[in-house]
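Residue numbers begin at 1 in each chain, while the letters A, B, ... track the order of the sequences.
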There are 2 protein chains.
Amino acid sequence: MFHALADATRRDILVRTLEGEHNVSTLARRYPMSFAAVQKHVAVLEGAGLVSKQRKGREQIVSGNVETMRKANRLLAQLETVWQGRIDRIGEVLADEHNGGKNP
Amino acid sequence: MFHALADATRRDILVRTLEGEHNVSTLARRYPMSFAAVQKHVAVLEGAGLVSKQRKGREQIVSGNVETMRKANRLLAQLETVWQGRIDRIGEVLADEHNGGKNP
DNA sequence: AGAATCTACAACCATTAGGTTGTAGGTAAT
DNA sequence: ATTACCTACAACCTAATGGTTGTAGATTCT
């Protein structure tokens with residue numbers, strides 16, 4: 001998932017597909033690379049669950065998947081929580097030191 | 001930055017360095033890979049600004065950098081905002097359709 | 001001083017990623 | 001029916017990743 005987000009082109013595609021639905025060709029025209037390359041990027045995003053495709057006649061419509069992005073967000077938030085836990089522990093230590101100078 | 005987060009070992013290192021400070025050897029012992037490999041992972045994390053090193057005698061102390069993680073979080077939040085904007089626009093369209101049946 | 005420890009860095013290797021071109025199969029338009 | 005368009009997929013190339021080992025520079029311990 002983070003790997004899928006680690007490429008600028010893919011993040012841009014994600015933004016576009018979150019703003020509105022596009023088929024692969026429409027997306028591909030906006031980037032200075034081949035259709036196949038964009039197709040691969042979309043495949044990576046799809047593999048990560050950040051995007052999903054839906055057939056509509058001869059075209060394939062790509063739309064962004066917020067659920068997965070929220071998941072990524074939650075993961076990062078957890079990491080921050082770890083940090084916060086550390087801060088709290090430092091707070092405890094300070095409180096303990098205040099509370100007599102030695103460990104109980 | 002996302003690339004740095006895209007590797008499981010690096011995310012684990014990040015957690016450990018957010019929980020508390022460790023030198024590189026201490027970290028390295030916890031993973032089934034060579035010291036040099038861990039050293040490289042730390043370098044990647046450092047390059048992404050997710051971690052910073054501080055010399056202390058012969059050892060190098062690694063500590064997590066929350067600032068950068070918040071930055072990552074903010075980026076994801078922005079993407080969600082894009083999505084939210086789309087929802088809002090759909091809302092407007094529905095309101096317009098309600099408001100007379102044709103575009104003004 | 002000498003041994004042990006922690007780190008930095010180079011050289012190398014296998015695999016993956018990001019890109020290309022080319023071919024082929026459906027669907028839509030004329 | 002034939003042409004144009006959208007997509008899927010394979011083959012190939014180059015550069016970057018994640019890993020290895022080996023060598024060397026500082027710093028600490030005995």
Side-chain angles (χ1 to χ4, degrees), chain A residues 1-65 68-69 72 75 79, chain B residues 1-65 68-69 72 75 79:
Chain A
M1 196 177 51
F2 285 115
H3 164 246
L5 288 168
D7 183 276
T9 303
R10 283 197 290 264
R11 282 194 301 271
D12 202 84
I13 290 177
L14 187 54
V15 169
R16 290 232 163 83
T17 59
L18 283 168
E19 285 172 347
E21 295 177 342
H22 302 272
N23 60 27
V24 185
S25 312
T26 307
L27 284 171
R29 272 183 226 114
R30 315 210 182 195
Y31 301 97
M33 63 184 77
S34 70
F35 171 81
V38 174
Q39 207 176 9
K40 280 193 191 177
H41 281 305
V42 172
V44 171
L45 286 169
E46 190 182 16
L50 286 161
V51 127
S52 50
K53 291 191 294 188
Q54 193 183 352
R55 253 249 136 63
K56 191 172 185 179
R58 69 179 158 182
E59 44 197 305
Q60 195 90 249
I61 294 196
V62 184
S63 52
N65 191 344
T68 310
M69 287 206 11
L75 276 178
L79 291 192
Chain B
M1 194 176 53
F2 285 114
H3 163 247
L5 288 168
D7 182 275
T9 303
R10 282 196 291 264
R11 282 194 302 271
D12 201 84
I13 291 177
L14 186 53
V15 169
R16 289 231 164 83
T17 59
L18 283 168
E19 284 173 347
E21 295 177 342
H22 302 273
N23 61 27
V24 184
S25 311
T26 308
L27 285 171
R29 273 184 225 113
R30 315 211 181 194
Y31 301 97
M33 64 184 78
S34 69
F35 171 80
V38 173
Q39 208 177 8
K40 280 193 191 177
H41 281 305
V42 171
V44 171
L45 286 169
E46 190 181 17
L50 285 162
V51 126
S52 49
K53 290 191 294 188
Q54 192 183 353
R55 252 250 136 64
K56 191 172 184 179
R58 69 181 157 182
E59 43 197 306
Q60 195 90 248
I61 295 195
V62 185
S63 51
N65 192 344
T68 311
M69 287 204 13
L75 276 178
L79 291 193

Practice problem: Considering just the side-chain nitrogens and oxygens of B:S34, establish if one lies under 4.0 Å of OP1 or OP2 belonging to D:dG19. | Solution: no
Self-check item: Polar pair under 3.5 Å, donor/acceptor by atom type, side chain B:R58, base C:dT5
Solution: yes
Quiz item: For A:V44 and B:E59, take the nucleotide of DNA chain C holding the closest heavy atom to each; which residue's nucleotide lies nearer the 5' end?
Solution: B:E59
Quiz prompt | Integer-rounded Å distance: C:dC12 P and B:K40 NZ | solution = 13 Å
Quiz item: Taking it one step at a time, do A:L5 and A:L14 satisfy side-chain contact (heavy atoms from CB on, under 4.5 Å)?
Solution: CA-CA 9 Å; A:L5 288 168; A:L14 187 54; 3.8 Å; yes
Quiz item: Taking CE from B:M33 and C1' from C:dA14, how many angstroms apart are they, rounded to a whole number?
Solution: 16 Å
Quiz item: How would you label the contact of B:K56 with the nucleic acid (heavy atoms, under 4.0 Å): base, sugar-phosphate, or nothing?
Solution: nothing
Quiz item: Heavy-atom distance under 4.5 Å between the side chains of B:R30 and B:D12, does that happen here?
Solution: no
Quiz item: Quick one: B:L27 CG to C:dA8 P, roughly how many Å, whole number?
Solution: 12 Å
Practice problem: Round to the nearest Å and state the distance from A:Q60 atom CD to D:dT7 atom P. | Solution: 7 Å
Quiz item: Counting only N and O atoms by type, is there a donor-acceptor contact under 3.5 Å from the side chain of B:H22 to the main-chain atoms of B:R16?
Solution: yes
Quiz item: Would you find more than 12 non-hydrogen atoms of other residues, nucleotides or ligands less than 6.0 Å from B:Q54 atom CD?
Solution: no
Quiz item: Can you check the A:F35 CZ to D:dA4 C1' distance for me, whole Å?
Solution: 15 Å
Quiz item: For A:S25, which contact category applies under a 4.0 Å heavy-atom criterion: base, sugar-phosphate, or nothing?
Solution: sugar-phosphate
Exercise. Take the protein atom CD of B:Q39 and the nucleotide atom P of D:dA24, then report the distance between them rounded to whole Å.
Key: 17 Å
Self-check item: side-chain contact (heavy atoms from CB on, under 4.5 Å) evaluation trace for A:Q60 with A:N23
Solution: CA-CA 5 Å; A:Q60 195 90 249; A:N23 60 27; 5.7 Å; no
Quiz item: 5'-most contact on DNA chain C: A:G57 or A:A37, nearest heavy atom basis?
Solution: A:A37
Quiz prompt | Short side-chain N/O contact to D:dG25 OP1/OP2 from B:R55, under 4.0 Å | solution = no
Quiz item: Can you tell me how far P of D:dC9 sits from NZ of A:K53, to the nearest Å?
Solution: 8 Å
Quiz item: Taking only side-chain nitrogens and oxygens of B:R10, does any of them come within less than 4.0 Å of OP1 or OP2 of D:dT17?
Solution: no
Quiz prompt | Phosphate OP1/OP2 of C:dA17: any A:H41 side-chain N/O under 4.0 Å | solution = no
Exercise. Whole angstrom is fine here: how far is it from NE2 in A:H3 over to C1' in D:dG18?
Key: 13 Å
